[in-house]
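Comments concern the structure below.
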Number of protein chains: 2
Amino acid sequence: MDEIFKRTENQRKDIHNSDIPVVCRACEARHGGMCGVMTPQQLTELSKFTTRKKVNPGSEVVGQGEQVAAYANVLKGVVKLSKMLHDGRQQIVGLQFAPDFLGRPFSRESTISAEAATETEICSIPKAVLDRMVGDSPELEHKLHQQALVELDEARDWMLTLGRKTAQEKVASFLYMIALHYDPESTERTVFDLPLSRADIADFLGLTIETVSRQMTKLRGDGVIQIENNRHVSVPDMERLAEVAGIE
Amino acid sequence: MDEIFKRTENQRKDIHNSDIPVVCRACEARHGGMCGVMTPQQLTELSKFTTRKKVNPGSEVVGQGEQVAAYANVLKGVVKLSKMLHDGRQQIVGLQFAPDFLGRPFSRESTISAEAATETEICSIPKAVLDRMVGDSPELEHKLHQQALVELDEARDWMLTLGRKTAQEKVASFLYMIALHYDPESTERTVFDLPLSRADIADFLGLTIETVSRQMTKLRGDGVIQIENNRHVSVPDMERLAEVAGIE
DNA sequence: GACAAACCTTGATCTCGGTCAAATTGGCGC
DNA sequence: GCGCCAATTTGACCGAGATCAAGGTTTGTC
């Protein structure tokens with residue numbers, strides 16, 4: 001992922017010949033995402049239209065099938081993207097962590113619903129404003145293109161997990177992914193809090209709550225993980241976890 | 001999808017103030033994909049480096065984990081993108097039909113393998129050449145961005161199928177998808193040839209060959225489809241098929 | 001600190017899809 | 001048309017994970 005952003009970083013410097021503040025004035029927050037490639041003028045312009053919002057767990061940001069009027073940057077927390085069948089069966093198709101960009105450029109209607117999984121803060125950007133800026137700024141489009149490609153890679157990884165792994169491997173894969181996300185270069189023991197409930201994990205893995213719970217219990221019994229208060233997880237040996245996850 | 005390409009079409013006209021031949025001189029073929037947004041100069045330049053190739057079913061275009069030296073446009077046939085676990089379990093994560101663009105921009109190494117599913121022809125483009133052109137041409141990047149977003153939508157649709165649908169619904173969903181692809185506006189009976197073997201369909205759906213076969217037999221018994229010679233399928237009522245697929 | 005409401009775990013049982021094995025069919029060269 | 005090989009179908013059986021049903025924990029509120 002570092003690799004991927006390097007080019008953008010260089011482009012940016014080439015083009016503007018100076019460092020640019022990556023703090024978006026609109027939110028008075030550091031957007032790790034697309035604001036990094038914006039010029040000061042663009043950021044100033046953008047900040048006239050953006051609004052910062054808190055979103056509580058369970059609240060919907062965009063509903064499936066709704067018209068979309070805004071994009072957003074995730075400033076804090078985790079947003080889950082999901083799809084639902086008419087009879088209520090649900091599948092989570094993506095997780096957006098801060099500072100991801102949230103939205104589907106160039107599409108009027110959302111085919112997925114976005115919902116806060118944890119306490120979340122977003123910086124909302126009207127669709128029309130960003131669409132115009134993207135049209136004028138190749139660097140911005142490049143950045144969004146990159147994020148789309150990263151999300152595509154992630155989605156395809158997850159398809160392998162959904163289609164071909166056992167329940168045990170699925171749960172281990174999920175824990176491994178989250179562990180790496182929150183603690184990418186941990187050497188020894190890796191510790192983190194799960195951002196999702198058992199129900200959400202089940203929806204992410206295409207399993208039932210009961211199966212997720214049983215597999216967690218099994219992983220605990222086998223010494224692969226430790227759990228405190230349901231959400232707090234500790235991994236003594238990441239390689240062991242990767243092995244159980246079928247990641248070799 | 002038409003909607004999506006409209007913008008590019010307009011941009012192109014604005015910028016170049018003329019119609020552009022969408023026939024890529026390199027392949028003497030009509031690339032429906034990215035060549036449509038190239039200037040005549042770009043096409044001439046590109047044609048110095050491209051090569052047209054026939055690929056037989058089962059032949060690998062790019063292997064998982066390999067260095068990638070080229071992109072390609074699919075001119076004819078179907079290419080399957082797949083991922084494999086160390087023990088051989090396989091999942092197809094995407095299908096590329098002509099005239100799709102094949103490749104993962106801005107990444108040196110492929111995490112998926114691409115293999116011809118049918119008799120296929122591709123137009124191969126050296127990575128370095130296209131990367132340079134994309135850097136110089138916002139329209140080209142826009143086009144590739146669009147394709148990435150469409151593929152992301154498709155991947156997420158498929159995640160719902162993989163994670164939450166029954167075997168019956170999975171097979172029906174697959175048939176529905178293929179039927180729509182080859183005959184998008186059929187009103188009455190829809191007829192087509194399956195581009196994949198039962199084994200490939202199984203790898204696409206996260207099932208076994210036997211289950212795919214049984215479900216096909218069941219769909220035939222229920223009158224939802226007719227099959228001749230294993231590959232030739234006929235759908236008398238697409239709405240009925242959609243219903244069985246859980247698409248409402 | 002008591003109560004309620006989520007949330008999570010555990011147990012018993014059932015079922016869908018996997019596994020193993022054996023026919024059957026289709027494609028193709030001669 | 002015949003024979004061969006690969007692809008597909010069909011059958012019998014099994015097991016991983018779903019379902020149904022309690023029973024525990026955690027969290028938040030008054």
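Throughout, a chain's letter reflects where its sequence line sits, starting with A, and its residues are numbered from 1. Nothing here was measured: the structure is a model prediction, and the numbers come from that model. Note: hydrogens, waters and symmetry copies are ignored here, and every other heavy atom, side chains too, is used.
Between A:N229 atom CG and D:dT27 atom C1' there is a gap of 10 Å when expressed in whole angstrom units. Following rounding to the nearest Å, B:R89 (CZ) and C:dG17 (C1') show an atom-to-atom distance of 16 Å. With rounding to whole Å, A:R231 atom CZ is found 9 Å from C:dC7 atom P. Taking atom CD on B:Q215 and atom C1' on D:dT9, their separation rounds to 13 Å, with Å as the unit. As rounded to whole Å, 10 Å separates atom C1' of D:dT8 from atom CD of B:E210. Protein atom CZ of A:R164 is 11 Å distant from nucleotide atom C1' of C:dG18, rounded to whole Å. Summarising the geometry, the separation between CD on A:E228 and C1' on C:dC7 is reported as 18 Å, rounded to the nearest angstrom. The NZ atom of B:K165 sits 18 Å away from the P atom of D:dA18 (whole-angstrom rounding).
When the nucleotides C:dG17, D:dT8, D:dG17 are ranked by their closest atom to the side chain of B:T166, C:dG17 comes out on top. Of the candidates D:dT27, D:dG17, D:dT8, the closest approach to any side-chain atom of B:R198 belongs to D:dT8. Taking the side chain of A:I209 as heavy atoms from C-beta on, and the options D:dA18, C:dC20, C:dT9, the nearest nucleotide is C:dT9. Closest contact between the side chain of B:N230 and the listed nucleotides D:dC20, D:dA18, C:dG26 involves C:dG26. Among the nucleotides D:dA12, D:dT19, D:dG17, the one closest to any side-chain atom of B:R214 is D:dA12.
Checked by distance alone, B:Q168 brings no side-chain donor or acceptor within 3.5 Å of a matching partner on the base of C:dC16.
Residue A:T217 places at least one side-chain N or O under 4.0 Å from the OP1 or OP2 atom of C:dT10. Taking 4.0 angstrom as the limit, A:S213 places a side-chain polar atom (N or O) nearer than this to OP1 or OP2 of C:dT9. Using a 4.0 Å cut-off, no side-chain N or O of B:S197 falls inside it from OP1 or OP2 of D:dA7. The phosphate of C:dG18 has OP1 or OP2 within less than 4.0 Å of a side-chain N or O from B:T208.
To the nearest 0.5 Å, atoms CD1 (A:I92) and NZ (A:K80) are separated by 5.0 Å.
A salt bridge does not link A:E119 to A:K76: none of the charged side-chain nitrogens sits closer than 4.0 Å to a carboxylate oxygen.
In terms of heavy atoms, A:Y176 sits closest to A:A242 at CE1-CB, 3.6 Å.
Taking the six-membered ring where tryptophan is involved, the planes of B:F192 and B:Y182 are essentially parallel, since the angle between them stays under 30° and well short of 60°.
Between B:Q226 and the choices B:H232, B:R220, B:R189, the side chain to side chain donor-acceptor pair (under 3.5 Å) rule is met once, by B:R189.
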